[in-house]
Each structure stands twice: as structure tokens, then as C-alpha cells.
Amino acid sequence: MASVTISGLSKSYTGDGAAALSTLDLVIGDNQFVTLLGPSGCGKTTTLRLIAGYMNPDTGTIAVDGRVVSSKEHVVPPESRGMGMVFQNYAVWPHKTVVETVVFGLKVRKTPAARAREQVAHALGLVNLSGLENRLPGELSGGQQQRVALARSLVVEPDILLLDEPLSNLDAKLRDRMRTELKQLQRRTGITFIYVTHDQSEALALSDQIAVMNGGKLQQYGPPAEIYARPANRMVADFMGHINFLPGRITSAANGRCQVMLLDRLPLEAELPAGLATGDAVDVAVRPENVILSREGAATSGLLGQVSERTFLGNLIEYDVTLQAGPSLRVQTHPGSSFAAGESVVVSFEPTAISVFAAGTTEKIEG
Ligand code: ATP
């Protein structure tokens with residue numbers, strides 16, 4: 001349908017130098033589901049509004065299929081960009097029926113009535129609203145209202161759909177269902193979806209690519225599995241769910257790999273972060289599900305610790321383990337595991353699931 005190329009895009013609202021968005025470079029492929037993810041105030045909505053054409057960038061360009069639609073000097077207006085937009089608050093008109101709401105964009109475009117009827121029926125079918133054509137918003141659930149808003153955007157057959165936290169007003173169960181529906185909708189229509197959320201699980205579940213942002217800057221851009229398992233920096237590691245940080249030191253480095261001595265007692269191997277060398281202090285990051293607990297005597301190497309808390313969560317068990325060497329860490333295991341609070345354990349790590357960062361790096365989550 002359409003690709004979007006963002007180059008060196010910046011925007012400041014205040015003129016005091018505080019940038020809401022700083023030199024963003026991003027290529028959004030045709031037919032992709034791409035999510036802009038980050039904490040409140042990181043610049044997601046600013047990026048989406050720039051893509052939609054609601055304002056001029058201070059620097060940089062946005063091109064759709066190679067054609068520049070936004071620059072400092074010139075912005076193609078929103079209605080001429082082949083884009084639809086869906087907002088958090090649905091914004092459906094209270095006095096218009098489903099059909100009247102959905103047909104609106106076609107009336108503006110003066111689409112002949114028979115063709116408009118076909119397109120409305122098709123759009124309503126896409127979002128599973130067939131049969132509810134004559135209902136008013138007051139006669140629809142929150143999820144159905146959000147689907148009306150989706151149909152209103154889809155009916156004009158956009159190449160690109162921009163969605164700004166469209167599920168955040170729905171209750172948890174409905175959100176889950178709409179998530180699946182959105183993903184299916186994107187696959188069925190082939191429309192390029194650009195989606196904004198601060199919810200990392202939503203981003204992981206929906207996206208082909210995630211752009212993690214913080215403080216107006218892009219932190220990492222990649223597929224969900226890579227963002228989760230190979231965070232580019234501490235901020236990304238921290239933002240994508242719980243992660244343990246333990247101190248260590250690089251003892252040798254070669255060919256992009258390094259040996260790290262964790263807590264002065266456990267050697268580990270990991271990818272060598274750019275700019276670090278032998279002797280540097282590091283923080284080793286490992287997610288709770290990648291920590292392995294064993295009984296003393298059963299493990300050949302590891303750190304000694306004691307279970308300080310055991311929490312049964314249905315599909316998994318979460319342990320807080322205090323290491324003999326000092327720090328504590330969170331561990332998640334299969335619900336069949338049976339360590340008791342107070343029990344001594346040996347802690348080791350999935351060897352491929354360790355990330356290493358310069359100690360005390362300061363990419364904090366801003367918001
Ligand atoms: P949220 O998840 O809370 O919507 P966001 O990531 O979408 O946040 P933006 O709305 O893009 O963030 O805001 C980025 C920065 O720009 C923030 O510091 C915000 O305060 C500022 N900002 C946004 N809109 C304006 C405005 N109209 N005038 C001045 N500052 C603004």
C-alpha cells in the first residue's frame with residue numbers, strides 16, 4: 001500500500017530549544033504494522049501528528065512512497081495524504097447512526113450513493129459491525145464505538161492508518177479482543193498501520209516493528225522479539241518489562257564478544273557493547289524468565305542465594321531471590337517448580353539471554 005520514510009525530523013513547540021522530537025530517522029515499510037512506543041511525553045503523538053500533516057516539522061522530511069509530503073517549507077494537507085486517523089476517544093458523533101457516521105468521509109468526497117453504500121457495507125464488514133447500521137453511539141458498547149471509528153477511517157480506503165492509543169479507553173478484556181481484531185484487520189487489508197501506545201505488551205503483541213522512543217529520541221527500532229531480547233540500551237531494557245541488573249566487570253574482549261565476571265564470582269559470556277573494553281564495569285541485564293534456579297549440588301556453576309519470597313501467579317511462579325553476594329533478583333519459572341521461601345538455591349542464567357551495558361548508564365525513562 002504505502003511506505004513512509006522519515007528523515008532528520010525535529011519539532012519543538014516552545015522555541016526554547018526543548019525538542020518534543022529530535023532528528024528522527026525511521027523507515028516504515030509497505031504493509032507493515034509499526035508501533036511508536038514510549039513513556040508519556042516521549043514524542044509519539046508529535047510524530048504521528050507530523051506524519052498526518054497537522055503541523056510542519058522544524059527540520060527534516062516525511063516522504064510517502066518516495067514523495068515528500070512534509071518539510072519545514074511545505075506540508076501536504078492531511079486530507080490529501082491517503083491517510084486515515086483513529087483516536088483514543090473514538091470521537092463518534094452522538095446523534096449520528098453507524099451508517100451516517102461511516103459514510104461521512106465518502107459524502108465529503110462526493111462518492112456516488114450506490115458506490116458509497118457498497119464501501120460502507122465493506123468497511124462495516126471488516127470491523128464486524130454488519131447488522132448494527134442503524135444504531136446510535138448510545139446504543140453501542142465502547143468496543144463497538146471504537147470499531148465505528150475504525151470503519152469511518154477505513155471506508156475511504158487509506159493507504160496508511162494512523163492510530164493514537166485507540167484501545168486505551170476500553171476495559172482489559174475488550175482491549176485484548178480488539179487487539180486481535182486490529183492485527184487481523186491489518187493483515188486482511190494490507191494497509192500500513194502506524195500505531196501509538198505506551199503499553200509495551202500491546203506493542204509486542206501487535207507489531208511487525210517497534211520504534212521505542214524516550215525524551216523525543218528514537219532508542220531502538222526493530223521486530224518485537226529483538227527489542228525484548230536484545231535491548232539497545234538500559235532504557236529499552238527497563239521499559240520492555242521487568243529486568244534484573246547485576247554488576248560485573250569485563251575480563252576479556254575479542255571479536256564482538258566479551259567475558260564478564262559477575263559479582264566477582266561467576267564468569268559469563270555476552271555480546272560486547274560498543275565502546276567498552278577489558279576492565280570496564282558493566283551492568284548485566286537478565287529477564288526473570290531467563291534466570292535458572294537449581295538445588296544446591298544439582299548445578300555445576302552459579303551464584304548461591306536464598307528464596308526470600310515465592311508468589312504463585314497461575315501460569316508461572318515468581319521468586320525473589322537474595323544472592324549471598326548481596327543483590328536480589330526476580331525469577332519466573334514454570335508453575336511446576338517447587339522452591340520454598342527460605343530455601344537455598346543456585347542461580348544461573350540462560351547463556352544466550354544476557355545483555356551487558358556500561359555500568360550506571362543514564363538513559364532514564366523520561367515522562
Ligand atoms: P502521551 O503518551 O502522554 O500522549 P507522547 O509521547 O505522545 O505522550 P507528545 O504528546 O508527543 O508525547 O509530547 C512530547 C513533548 O512535547 C512533551 O514534553 C509535551 O509536553 C510537549 N508538547 C506536546 N504538545 C504540545 C503543545 N501543543 N505545546 C507545547 N508542548 C507540547
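All heavy atoms count here, side chains included; hydrogens, waters and symmetry mates do not. Both ligands and their constituent atoms are indexed starting at 1 by order of listing.
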For this session: For residues 320-356, pull every pair meeting ring pair (Phe, Tyr, Trp, His ring centres under 6.0 Å), keeping only residues two or more places apart or in separate chains.
Result: Tyr319-Phe339
Exercise. Which pairs with one or both residues in residues 255-267 pass side-chain hydrogen bond (donor to acceptor under 3.5 Å, both in side chains), sequence neighbours excluded?
Worked result: Arg257-Glu269
Exercise. Stepwise, does the salt bridge (Lys or Arg N to Asp or Glu O under 4.0 Å) test hold for Arg234 with Asp283?
Worked result: CA-CA 9 Å; Arg234 257 187 104 109; Asp283 287 329; 2.3 Å; yes
Problem set entry | Polar side chain donor-acceptor pair, Arg67 to Thr5, under 3.5 angstrom | no
For this session: Among residues two or more places apart or on two chains, list those pairs meeting salt bridge (Lys or Arg N to Asp or Glu O under 4.0 Å) that have a residue in residues 122-150.
Result: Arg147-Glu181
For this session: Identify whether the distance between the nearest side-chain nitrogen and carboxylate oxygen of Arg310 and Glu318 falls below 4.0 Å.
Result: no
Are there any N/O pairs under 3.5 Å between ligand 1 and the protein, and if so, what are their distances?
from     : atom 1 : to    : atom 2 : distance (Å)
ligand 1 : 2 (O)  : Lys44 : NZ     : 2.9
ligand 1 : 3 (O)  : Ser40 : OG     : 2.6
ligand 1 : 6 (O)  : Gly41 : N      : 3.4
ligand 1 : 6 (O)  : Cys42 : N      : 3.0
ligand 1 : 6 (O)  : Gly43 : N      : 3.0
ligand 1 : 6 (O)  : Lys44 : N      : 3.1
ligand 1 : 6 (O)  : Lys44 : NZ     : 3.0
ligand 1 : 7 (O)  : Thr45 : N      : 2.8
ligand 1 : 7 (O)  : Thr45 : OG1    : 2.7
ligand 1 : 8 (O)  : Gly41 : N      : 2.7
ligand 1 : 11 (O) : Thr46 : N      : 2.9
ligand 1 : 11 (O) : Thr46 : OG1    : 2.5
ligand 1 : 12 (O) : Gly43 : N      : 3.3

